[in-house]
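Convention: sequence-line order gives letters A, B, ...; per-chain numbering from 1.
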2 protein chains.
Amino acid sequence: MKLIDSSTEHKILEAAKTEFLEFGLYGARMQNIANRAGINKALLHYYFRNKEKLFDKVFESALERYFSNMDIMSDDRLDFKERVHGLADRFLDFLNEYPQMALFLIKEVSANQILFIEKVDKNLRGNKTLLSALLDAQQKGVVSLENPMVFFVQLISMCTYPFVAKPLFTVIAERNETSWNSDSLTELRASIHSFIDHQLNLA
Amino acid sequence: MKLIDSSTEHKILEAAKTEFLEFGLYGARMQNIANRAGINKALLHYYFRNKEKLFDKVFESALERYFSNMDIMSDDRLDFKERVHGLADRFLDFLNEYPQMALFLIKEVSANQILFIEKVDKNLRGNKTLLSALLDAQQKGVVSLENPMVFFVQLISMCTYPFVAKPLFTVIAERNETSWNSDSLTELRASIHSFIDHQLNLA
DNA sequence: GTCTATAACTCGATAGAC
DNA sequence: GTCTATCGAGTTATAGAC
């Protein structure tokens, strides 16, 4: 693990991240990445050999950032329900900061499922994820859910899809003389917390 | 409105639909579409002039199919709550039949929001949509929601994202020795109906 | 390491025969 | 209407000078 990236390499990765997040693997242009980084195309190949390898690096770091939110599921200072609430908040904050991230990950995971499986294993070895924590808590009687997998899917869906489909929701809201903005997001967050409480208290 | 498409034109549209749904506007290849249709590239241009015009036709018919699910919001035989339940079922059935449709629409709407706005107006003139029906019902006191827009977003998210992110959920489920299959979908459906009941009965 | 110049290739589109 | 052949724009990738 290098502590300081060579400045050029770092600039390229930042530029590539911006470009790939916006346009995806096939839509992105090596020329644009070079321009953003303030260098020329040949250097991209000097540092990363080809487009796919460069993309891989970006994809990997995006996945890493995404899964780093799961840390909270192992936080000893919190009880189980607090962890679930905390994770929902983390996801919402994360996607609010990087709104393109959700669609990017979904698009590329769908396009290349095998690459994704490999990388997930790399990122998650040993760490608790939401689903494994839910199954665990269910088995130990900490919570009593109808179906942990369904709860998991619903929760992730409510946290993620609003960002994935933001353009669609914005248009539909405007057509109906209402809006989908940061205030709505605050209210969505509150409603998601109610949902969690309601589901986890069915015990 | 032609009753019988010339066979070639119809074959091209079917082939284009398959290709565009899988790869999107930029990922799709005219050569692949020609191969699927059993003809050659030149004929694609003879019938549809260029790639974008062909895509437009496919996109438009996908949108039309998607919004046709909204019919139920104007069904006089049902009361308001039945309509909402019915619409959720329709969406789940629709996406179960065309699982790639959700991601396709999202990708292309995000990539070309303006085209989408035009086409939405074309598809929706006069018809009730879920959101407009919710706002209406709220105003008339038929239901009493905390925030109709938030409920709308949550409901659509729970119905749609499980299909958008199916590859992701499948992988994560397998990692945890459980599964995400058609049985899970039945249980998801039940849970969504509970959610609707719970939200609409807060009055 | 960084640059310029260009090779090699992909792909949408068109010309023109049948 | 349908085909073969080919053009030309746009892109990734490489050769080679500095």
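Take A/Lys122 and apply the salt bridge (charged side-chain N to carboxylate O under 4.0 Å, His left out) test, not counting sequence neighbours, and it matches A/Glu60. Scored by the salt bridge (charged side-chain N to carboxylate O under 4.0 Å, His left out) test, A/Asp183 finds no partners at all (sequence neighbours excluded). The ring pair (Phe, Tyr, Trp, His ring centres under 6.0 Å) search around A/Tyr98 returns A/Phe94, not counting sequence neighbours.
Atom NZ in A/Lys51 sits about 12 Å away from atom C1' in D/dG10, given to the nearest Å. In this structure, the CG atom of A/Leu54 is 17 Å from the P atom of D/dT11, given to the nearest Å. Taking atom CD of residue B/Gln31 and atom C1' of nucleotide D/dT4, one finds them 12 Å apart after rounding to whole Å. Distance CE (A/Met30) to P (C/dC9): 18 Å, rounded to an integer number of Å. Distance, B/Asn32 CG to C/dC11 P: 8 Å, rounded to whole Å. Atom pair B/Asn50:CG and D/dG8:P shows a separation of 19 Å (rounding to whole Å applied). Between A/Arg49 atom CZ and D/dT12 atom P the separation is 17 Å, expressed in whole Å.
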When the side chains of residues 81-88 of chain A are checked against the rest of the protein, which donor-acceptor pairs come out under 3.5 Å, sequence neighbours left out?
| residue | atom | partner | partner atom | Å |
| --- | --- | --- | --- | --- |
| A/Lys81 | NZ | A/Asn201 | OD1 | 2.8 |
| A/Glu82 | OE1 | A/Asp79 | N | 2.9 |
| A/Arg83 | NE | A/Asp75 | O | 3.1 |
| A/Arg83 | NE | A/Leu78 | O | 3.1 |
| A/Arg83 | NH1 | A/Met73 | O | 3.0 |
| A/Arg83 | NH2 | A/Asp75 | O | 3.1 |
| A/Arg83 | NH2 | A/Leu78 | O | 3.3 |
| A/His85 | ND1 | A/His193 | ND1 | 2.7 |
| A/His85 | NE2 | A/Asp197 | OD1 | 2.9 |

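Annotation for A/Ala102 and A/Val164: closest pair CB-CG2, 3.5 Å, computed over non-hydrogen atoms. Across all their heavy atoms, B/Met30 and B/Asn50 have their closest contact at CE-C, 4.4 Å.
No more than 12 heavy-atom neighbours from other residues, nucleotides or ligands sit within 6.0 angstrom of CZ on A/Arg49.
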Practice prompt. Please step through side-chain hydrogen bond (donor to acceptor under 3.5 Å, both in side chains) for the pair A/Asn35 and A/Gln31, ending with a clear verdict.
Written response: CA-CA 6 Å; A/Asn35 293 346; A/Gln31 183 63 61; 3.0 Å; yes
Grab the N/O contacts between the protein and nucleotides 1-8 of chain C below 3.5 Å, and write none if there aren't any.
| residue | atom | partner | partner atom | Å |
| --- | --- | --- | --- | --- |
| C/dT2 | OP1 | A/Thr8 | OG1 | 3.2 |
| C/dT2 | OP2 | A/Thr8 | OG1 | 3.4 |
| C/dT2 | OP2 | A/Tyr47 | OH | 2.8 |
| C/dC3 | OP2 | A/Asn40 | OD1 | 2.8 |

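At least one side-chain nitrogen or oxygen of B/Arg29 sits closer than 4.0 Å to the OP1 or OP2 atom of C/dG12. In terms of phosphate contacts, B/His45 brings no side-chain nitrogen or oxygen within less than 4.0 Å of OP1 or OP2 of C/dT14.
Within residues 14-25 of chain B, no residue places a heavy atom under 4.0 Å from DNA chain D.
Side chains of A/Gln154 and B/Ser191: a donor-acceptor N/O pair is present below 3.5 angstrom, by distance only.
Across all strands shown, B/Ala34 has no heavy atoms under 4.0 Å from either base or sugar-phosphate atoms.
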